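Atoms considered below: every heavy atom in the structure, side chains included; atoms not considered: hydrogens, waters and symmetry mates. On a predicted model such as this, the values are computed, not experimentally measured, just so you know.
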Amino acid sequence: MRTHAVAIVGSGPSGFYAAGSLLDSTDPPVRVDMFDRLATPWGLVRAGVAPDHPKIKSVSGQYEQIAARPGFRFFGHVCLGEDVTVDELLERYDAVVYAVGSQTERRLGIPGEDRVGSLASVDFVGWYNGHPDYAGLDPDLSGSRAVVIGAGNVALDVARMLLLGEDDLRGTDTADHAIDVFAASSVREVVVCGRRGPVEAAFTTTELRELDDIDGLTVVVDPAQIPDAAGDTDLPRATRRNVELFRKWAEAGPDETRERRMAFRFLRSPVEILGEGEDGPVSGVELGINRLETDDEGRARPVDTGERETLECGLVLRAVGYRGVALPDVPFDEGSGTIPHAEGRIEGREREYVVGWIKRGPTGIIGTNRKDANETVRALLADLASGAREDATIAPAEDVEEWLSERCPELVDLDGWGAIDAHERAAGEDGGRPRVKVVDRSTLMDLVRERS
Ligand code: NAP
């Protein structure tokens with residue numbers, strides 16, 4: 001059987017897991033070209049995972065092993081819809097897999113959401129992780145209190161990053177521009193607001209537990225918001241552990257000797273982000289106080305009691321979930337922000353597939369993408385094995401590279417990324433950091449061109 005060629009658009013975890021399983025295939029054999037609009041691969045592992053979580057980031061070692069396998073190529077600085085079209089890819093590949101993740105935020109839809117100082121966590125996370133699109137964010141951390149909206153792991157990541165000391169950050173791959181801003185920050189209290197209760201919060205226990213290990217940080221929880229221990233036995237294990245932690249913090253009370261506070265406020269929905277006039281910077285958040293009601297499906301739903309509470313602050317971070325962005329000429333479901341599919345096969349299309357957050361929505365941890373990608377690859381390989389493409393002729397791999405080089409003068413291949421990677425790691429060695437990220441596009445291209 002001839003070697004089939006698959007293009008994967010997006011180089012984050014789901015793209016790499018799809019590439020790994022495709023390269024495992026021997027019948028038919030498959031080669032993979034992976035595209036990214038950035039010069040650098042790894043998606044959210046590079047630009048999303050919090051820099052103080054190097055163990056999670058170390059999953060990139062698996063992606064390096066996949067990238068080193070015969071039949072794999074990487075092409076950075078290739079933007080679908082700008083540099084190449086879907087039809088052009090379908091002319092050159094037997095199948096195309098979209099692995100572009102969820103690149104924007106879910107909106108709150110409340111007044112004041114776009115004031116200066118009200119930031120989407122997607123942007124803030126990209127900024128401290130050195131994503132070139134957000135390097136210019138320049139958040140104002142001169143206020144003493146920040147409010148984070150949302151009760152998931154991203155909310156926790158951004159709250160923690162705001163409260164880590166300079167020493168905690170210096171050994172990480174946090175972008176240098178962000179380390180400087182964090183080091184000068186006046187933020188001493190972050191209030192994390194969940195619209196439902198501690199039982200319904202989406203935090204994972206490991207991420208909550210590590211708050212106890214942060215120097216100078218105390219966790220503040222109102223005992224009145226924590227359910228009675230008698231109900232713990234009815235809770236699923238993970239939820240029970242979370243509630244036990246919140247109860248421990250509530251009972252201990254804040255440690256006033258610690259100068260940084262992370263406070264959790266439950267049953268609070270933002271109703272307005274406050275500031276002077278229509279577009280003055282953030283001065284606070286008006287919160288609606290909720291009670292919980294069980295809906296027909298047994299889900300606890302927040303219901304506005306009509307009572308209000310105002311929290312003064314200089315910064316609001318909205319961390320209420322990510323959202324997918326439509327790709328040009330690719331079906332898209334506006335409601336869910338995903339590409340409609342059945343087992344990874346895009347509805348109404350042939351030879352087009354989807355994996356990861358743009359397939360199932362922005363949920364799950366990195367490892368969730370392995371199973372997700374395997375499902376899609378199974379469908380894709382079954383389609384190839386049906387023999388439908390056996391007689392199709394596609395351009396040889398070298399011709400595709402030549403075509404791409406003409407289209408994208410700043411094309412970055414695997415060696416180019418290797419040069420960037422080696423430079424970043426070497427730059428981190430003296431400071432004991434995993435790497436010092438290069439953010440600027442022209443510096444990245446200098447490194448690519450200078451490679452020996
Ligand atoms: P998430 O887990 O879905 O949490 C979103 C939070 O926003 C929920 O608490 C949700 O509350 C709340 N929310 C949604 N709409 C809201 C609104 N209009 N007003 C107020 N609150 C609202 O999403 P995420 O934190 O963005 O994380 C995405 C995925 O990445 C998750 O699976 C997460 O576990 C994973 N992740 C993992 C790690 C890690 O393992 N260290 C780190 C970061 C992210 P409701 O529950 O009431 O809807």
Any side-chain heavy-atom pair from Arg2 and Glu390 closer than 4.5 angstrom?
yes
Kindly indicate whether the side chain of Arg349, heavy atoms from C-beta on, has any atom under 4.5 Å from the side chain of Pro331.
yes
Looking just at side-chain N and O atoms, do Thr172 and Thr174 make a donor-acceptor pair shorter than 3.5 Å?
yes
So does Arg389 pair up with Asp94, basic N to acidic O under 4.0 Å?
yes
Distance, nearest 0.5 Å, that separates CG of Asp173 from CG of Asp52:
10.0 Å
Between Glu343 and Arg378, is there a side-chain heavy-atom distance shorter than 4.5 Å?
no
Nearest-0.5 Å distance, CZ of residue Phe332 to OG1 of residue Thr338
7.0 Å
Do the side chain of Arg265 and the main chain of Leu287 share a donor and acceptor less than 3.5 angstrom apart?
no
How close do Val192 and Ala155 get, counting heavy atoms only, and between which atoms?
CG1-CB, 4.4 Å
Quick check: does any side chain N or O of Arg268 sit under 3.5 Å from a backbone N or O of Phe266, one acting as donor and the other as acceptor?
yes
Rounded to the nearest 0.5 angstrom, the CG-CG distance for Asp180 and Leu169 is 10.5 Å
In terms of relative ring orientation, are Tyr63 and Phe16 parallel, tilted or perpendicular, with 30° and 60° separating the classes?
parallel
Just do the side chain to side chain contact (heavy atoms under 4.5 Å, CB included) check on Phe35 and Leu89 with the steps written out, would you?
CA-CA 11 Å; Phe35 297 89; Leu89 291 182; 4.1 Å; yes
Quick one: does any side-chain atom of Asp232 pair with a main-chain N or O of Glu244 as donor and acceptor, under 3.5 Å?
no
Please walk me through it: do Arg318 and Asp123 pass salt bridge (charged side-chain N to carboxylate O under 4.0 Å, His left out)?
CA-CA 10 Å; Arg318 311 182 305 265; Asp123 298 10; over 6 Å; no
Of the non-hydrogen atoms in Gly81 and Pro328, which two are nearest, and what is the gap between them?
CA-CG, 3.7 Å
Point-to-point distance, once rounded to the nearest 0.5 Å, from CG of Leu292 to CZ of Arg196
7.5 Å
Contact check, side chains of Phe182 and Leu164, non-hydrogen atoms, under 4.5 Å:
no
Using a strict 4.0 Å threshold on nitrogen-to-oxygen distance, state whether Arg351 and Asp383 make a salt bridge.
no
What do you reckon, is CG of Asp279 surrounded by more than 12 foreign heavy atoms closer than 6.0 Å?
no
Less than 4.0 angstrom from a charged side-chain N to a carboxylate O is my criterion; do Glu424 and Arg46 meet it?
yes
Are any of the side-chain nitrogens in Asp304 or Arg195 under 4.0 Å away from the carboxylate oxygens of its partner?
no
Which residues pass the salt bridge (charged side-chain N to carboxylate O under 4.0 Å, His left out) test with Glu334, sequence neighbours left out?
Arg323
Just by modelled atom types, is the Glu88 backbone N or O under 3.5 Å from a matching donor or acceptor in the Arg92 side chain?
yes
Determine, for Arg37 against Glu82, whether the closest basic-nitrogen to carboxylate-oxygen distance falls under 4.0 angstrom.
no
So, does Ser405 use its side chain to make a donor-acceptor pair with the main chain of Glu401 at under 3.5 Å?
yes
Heavy atoms of Gly130 and His177 approach each other most closely as CA-CE1, 4.4 Å
Would you say Trp357 and Val100 make side-chain contact, with heavy atoms under 4.5 Å?
no
Separation of Ile420 CD1 from His423 NE2 (nearest 0.5 Å):
9.5 Å
Can you see which heavy atom on Tyr128 is nearest to which on Pro51, and at what distance?
CE1-CD, 3.5 Å
Considering only heavy atoms from C-beta outward, does the side chain of His77 approach that of Cys408 to under 4.5 Å?
no
Answer yes or no: is there an ion pair linking Arg69 with Asp24, defined by an N-O contact shorter than 4.0 Å?
yes
Has the side chain of Lys437 got a donor or acceptor atom that lies under 3.5 Å from a matching backbone atom of Asn129?
yes
Thinking salt bridges, do Arg425 and Glu64 make one under a 4.0 Å N-O criterion?
yes
Does Ala342 offer a backbone N or O that forms a donor-acceptor pair with the side chain of Arg345 under 3.5 Å?
no
Side-chain contact, heavy-atom cut-off 4.5 Å: Arg370 with Gln62?
yes
Short side-chain to backbone donor-acceptor contact, Asp372 and Gly356, under 3.5 Å:
yes
Do you know which two heavy atoms are closest between Thr205 and Ala238, and how far apart they sit?
OG1-O, 3.5 Å
Please confirm whether the ring centroid of Phe264 lies under 6.0 Å from the ring centroid of Phe203.
yes
Quick one: which of Ile66, Val6, Val30 gives a side-chain contact (heavy atoms from CB on, under 4.5 Å) with Leu23?
Ile66
Nearest heavy-atom contact between Ile110 and Val271 is CB-O, 3.5 Å
Kindly compute the distance separating OG1 (Thr239) from CG (Asp234), expressed to the nearest 0.5 Å.
11.5 Å
In plain terms, say whether Asp168 and Arg160 are close enough for a salt bridge, that is, a side-chain N and a carboxylate O under 4.0 Å apart.
no
Assess the side chains of Trp42 and Asp36: does a donor N or O sit below 3.5 Å from an acceptor N or O?
no
Between Tyr93 and Ile394, is any pair of side-chain heavy atoms under 4.5 Å apart?
no
Less than 4.0 angstrom from a charged side-chain N to a carboxylate O is my criterion; do Glu410 and Arg449 meet it?
yes
Under 3.5 Å, is there a donor-acceptor pair between the Asn290 and Arg301 side chains?
no
